[in-house]
Amino acid sequence: MAAADSPSAALRRRDLCSRGIRLAGKMRSDVVDLLDSYVEQQGLDASASVAAVEGVPVAATEHWHEQTRTQRLLENLAAYRAFRALLAQMLEEQQEQLGEADAALGRALAAVLLQVSAFAYHLEELLQLESHGPPSEEVAGPPLPPHLGLFERKLRGLGVLRELAQWAVRSARDLRQLSRASLGSSSAPSPAESP
Amino acid sequence: SSTDSHIQYERVGADVTMKCGSMDWDAAVTWMANGTDIDKSHLNGSYLILKNVDLSQSGQYSCYEGSSWHLKYQTSLRVGMPPKEPVLMCRSNNYPKGFYCSWHLPTPTYIPNSFDISVIHGTREMVCEKDVFPKNRCHIRYLQLFSTVKYKVTLTVTNALGKNSTTLTFDEFAIVKPDPPESVVAKPVPNNPRRLEVSWQNPSSWPDPESFPLKFFLRYRPLILDQWQHVELSDGTSHTITDAYAGKEYIIQVAAKDNDIGTWSDWSVAVHATPWTEEPKHLTTEAQVTETTSASTSSFMPPPTTKICDKGAVVGSGTVAVCWTAGLVLAAYGVLFI
């Protein structure tokens, strides 16, 4: 733990956090745009409620304020590894579609997938600084449900992108908490009052 | 309509028939409204008939037996209307603590109303705690953050003549709107005729600006112009305007927004400021008269060497004031021209 709190580690953490916050902001902006295109392209109702889908990480949490640094990083990493796999599957399914609009959607999906991968890497670096090291990929999450019908796949895609948009906001908040702790301007992410 | 033991509610425009308690139709009675006799033309036997009632007919109605003046019946008539669809608004100005909802009726009912609000998040019913003041507001604490599940808020308003309701559905991020920034101050910068230093504070209702930072939008314009200049600021609570017009008074406002979600606040209270100008030198000798000032001033003062008229030699007023000397010169030129 001494290494995790050394001045160089703190500086590195701050740097990773600030870059991560910017990446999360860009990612969210791109995901929101992608959501609009996806809804239109897939002929979905933007206001449709999508039940929680197995394997899609849910951003909602009741204990956000009480989380430790490590908990935040681990939850984020598990989520983005899952999103990486989900988006890769969506991209594969999308590439089977024909048409220019589908190709554009495919390119947007690929761009977001790249950002998700980059963010996951950022989180792994941050976890290295916590002296915990990132967990192996095998514990990233349950396997994706296979053989969904076309409509179910569309709804799942909607759920994936919605949750990813929420995660991007949550991740920026998480990284700010980590950055605050690194500055030492307040104590480690305080349990503060519950939401 | 509905009748309480002492209160009777009737709709505007309704026809109202009041019986004098258990008195027979043909009994001799006297009706009074707010202590004043009611003309017998409004009676059908012992019944009081009020047609097409209006708000002014609200009041205390009493019926007395003819000869004994015993009070036989008394009611408080309240004329009013059933509620129209209420106007409901929900907003989070203290994210991530919670949000509040407030409501009002688009038109008054003139009779008492009760409000009932329900808040549902997914399958969970949440408690909206009513504020003591204002009475038409309640607040909810967030139990979850970053949820994609929408909130559904239903407000029902009920009075003796009917009920109405409205429903709002929204997600957690959409209603986030901070209060405007506070303590906005704008000051001139010494020795800088084109700068104004502006500072402000986060709204005090925003609970955790370090974890949930705000960004700001500043707008400013000279009073003499209608067009605003805008600057968006992603951090910090101060900004220096560097392109102000020298000597002109400015109006400045600031708005705030969560860095990631929601909408912009209303504009802050406006502040006024004028950039620094050099003090005009005091003219005591003729040698100092030819010194020039370095900044523009709000009123034009012609240099003394260009004076062409004495005050007493001016004829006319305003834009057509002409002094005798100039008049003679102009007349001479006129004659020459002719």
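Model, not experiment: these values are computed from the prediction. Quick note on labels: first sequence line is chain A, next is B, and so on, each numbered from 1.
Contacts of Asp258(B) with chain A are made by side-chain atoms alone, with heavy-atom separations under 4.5 Å and no backbone atom involved. Neither the backbone nor the side chain of Asp171(B) comes within contact range of chain A; no heavy atom of the residue lies under 4.5 Å from a heavy atom of that chain.
What you find for Gln166(A) and Ser147(B) is that their closest heavy atoms are NE2-O, 3.0 Å. Among all heavy-atom pairs drawn from Arg176(A) and Ser211(B), the shortest one is CD-O, 3.8 Å.
Looking at Arg28(A), its side chain does come within 3.5 Å of a backbone N or O of Asp260(B) through a donor-acceptor pair.
Remark: Tyr245(B) OH is loosely packed, at most 12 non-hydrogen atoms of other residues, nucleotides or ligands lying under 6.0 Å away. The neighbour count for Lys152(B) NZ, taken as heavy atoms of other residues, nucleotides or ligands under 6.0 Å away, does not exceed 12. Atom CG of Asp235(B) has 12 or fewer neighbouring heavy atoms from other residues, nucleotides or ligands inside a 6.0 Å radius. Dense packing is recorded around NZ of Lys257(B), with more than 12 heavy atoms of other residues, nucleotides or ligands lying under 6.0 Å away. Taking a 6.0 Å sphere around CD of Glu40(A), one finds it holds 12 or fewer heavy atoms contributed by other residues, nucleotides or ligands.
In this structure, NE2 on His63(A) lies 11.0 Å from CG on Leu145(B), to the nearest 0.5 angstrom.
Using the six-membered ring where Trp is involved, His65(A) and Phe212(B) have ring planes that are tilted, between 30° and 60° apart.
Residues Arg173(A) and Ile261(B) meet the side-chain proximity criterion, which asks for heavy atoms closer than 4.5 Å.
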